[in-house]
Amino acid sequence: MVISKRMAPLVEGSSAIRKLFEEGKALAKVVGKENVYDYSLGNPSVPAPEAVKASIIRNLEEKDPLYLHGYMSNSGYDEVRQAVADNLNRRFGSEYKGEDIIMTVGAASGINDILNLFLDPDDEVVAFAPFFGEYRNYTAMAGGVLKVVPADTETFQINIDALDAVITERTRLVIVNNPNNPTGVIYSGETLDRLQAALARAEERIGHPIYVISDEPYRELVYDGNVLPFMPDHIRNCLIVYSFSKSLSLPGERIGYVAVSPRMEAYEEVLAGLVVTNRIGSVNAPSLMQLVIMDCLEEKPRLEIYDSNRRMLYDKLTALGFECLKPQGAFYLFVKSPIEDYKAFIEEGKKEHILMVDASGFGCPGYVRLAYCVSPEMIRRSFPAFERLAEKMKERGNKA
Ligand code: PLP
């Protein structure tokens, strides 16, 4: 083998979600695309707002191409960083300066930049199950080890009681994803205050600070009038990672940012370090997209479309007897396998052409994730298949 021992297991175990997506494509060739109910990928189903297109055109027509396509400061255009800081400060009463904002190649590179900054080999990062499966790979790429706090399957809030046992002298970072992929749960301000208190106790014990990555690509996707707590109001050493992939439906354009809280410990050291890991990792975020998001910071996602999908799928599945968490945010429905053998449940789903993601990869076996960022027609078409699946599960349950 020519590739590194560090990468080999990552290549070997490479994305179960992607594999499912490929299986879906193969199935579509046999039974027809309209007869496959693909709930696998978190790819927004709502097109980017018109304002994005208008801004792209305006920038191309009006800006000096040398400016538009050239290198800029590695952390991004100053005016873009200032606009992002102003937007956060106005909305959340925070006190970011432009220089606290580092433009990144989506959330993924923001997280990677932070991991690369903080981790020495075998240092530990803590995630709360269920969590976005890529955290495991990002951490391994940076030479660290992901330690998982088991899920609280009663509330699916952060399992703070189990946190202490997972934190060791090697813990440098904790990742919190709010609203959560895959559950759609919002962690409350009270939960986050308890988390801060638990971290402060742990820091005392291990003798160094723990930093929190607040991964927030779904910040704008919140339903039923719920309010998402602003993380730095609750967590002291907080690095916000944001992405426009979901809120502006721009996942292919790769644009996001990290906001470094001036309240954190060793703020200047962290900020200076992050500028460098970002430069080494990706040089800078895409120039045109930086200027576009500056124009579109006030744009809101078409929440009503995801909300209607959410209600439709949740209502139908619960009516069929499936145990589902009612999503408060993001665009995922988290469903408990009705039978002990959850892999058999997923396979039976496939026989009905329903593609559901096994939550084992998210650290929570026994559950599946359905991404409802799909067309409402596909959801409606999938209902007879779910009815048959529910029937089969009942028969199996009766036999057990
Ligand atoms: N974090 C979470 C929780 C996600 O769900 C995703 C993408 O699905 C990402 C990070 C990566 O987002 P980006 O496309 O901005 O890199």
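As the structure lists them, so they are numbered: ligands from 1, and atoms in each ligand from 1.
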### Query
Of all the non-hydrogen atoms in the protein, which one sits nearest to atom 6 (C) of ligand 1, and at what distance?
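Result for atom 6 (C) of ligand 1: Phe132 CZ, 3.4 Å.
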
### Message
Just to confirm my output: which protein heavy-atom neighbour is closest to atom 8 (O) of ligand 1, and how far is it?
### Response
Lys246 NZ, 2.8 Å

### Task
Would you check the N or O atoms of Tyr332, main chain and side chain alike, for any that come under 3.5 Å of an N or O of ligand 1?
no

### Task
Return a yes/no value for Tyr218: is any of its N or O atoms, backbone included, closer than 3.5 angstrom to an N or O of ligand 1?
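Min N/O separation from ligand 1 is below 3.5 Å for Tyr218.
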
### Query
Would you say Gln290's side chain and Ala285's backbone share a donor-acceptor pair under 3.5 angstrom?
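Present.
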
Please work out, at 4.0 Å between heavy atoms, whether the side chain, the backbone, both, or neither of [X] comes within that distance of ligand 1.
{"X": "Ala107", "value": "both"}
{"X": "Glu134", "value": "neither"}
{"X": "Ala108", "value": "both"}

### Query
Hey, does Pro217 sit under 4.0 Å from ligand 1 if you only count heavy atoms?
yes

### Message
Counting neighbours of CE on Met141 that are heavy atoms of other residues, nucleotides or ligands and sit closer than 6.0 Å, is the number greater than 12?
### Response
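It does not: Met141 CE has 12 such atoms or fewer within range.
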
### Within 6.0 Å of NZ in Lys25, more than 12 heavy atoms from elsewhere
no

### Message
Using 30° and 60° as the class boundaries, would you call the ring planes of Phe118 and Tyr211 parallel, tilted or perpendicular?
### Response
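Plane angle between 30° and 60°, so tilted.
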
### Parallel, tilted or perpendicular: rings of Phe322 and Phe386 (30°, 60°)
perpendicular

### Message
Looking at every heavy atom in both Gly363 and Ala129, which two are closest together, and how far apart are they?
### Response
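Closest approach of Gly363 to Ala129: O-CB, 3.3 Å.
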
## Note on the structure
Under 4.0 Å from one or more heavy atoms of Ser245, ligand 1 contributes atoms 13 (P), 14 (O), 15 (O)

### Query
Hey, which atoms in ligand 1 end up nearer than 4.0 Å to a heavy atom of Arg254?
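So the answer, numbered in order with elements, is 13 (P), 14 (O), 16 (O).
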
### Best match, Asp215, Thr104, Ile111, Asn177: closest heavy atom to atom 1 (N) of ligand 1
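Selected option, by shortest heavy-atom distance: Asp215.
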
### Task
Tell me whether the centres of the aromatic rings in Phe334 and Phe156 are closer together than 6.0 Å.
yes

#### Entry: Geometric cation-pi criterion, Arg381 with Tyr37: 6.0 Å, 45°
no

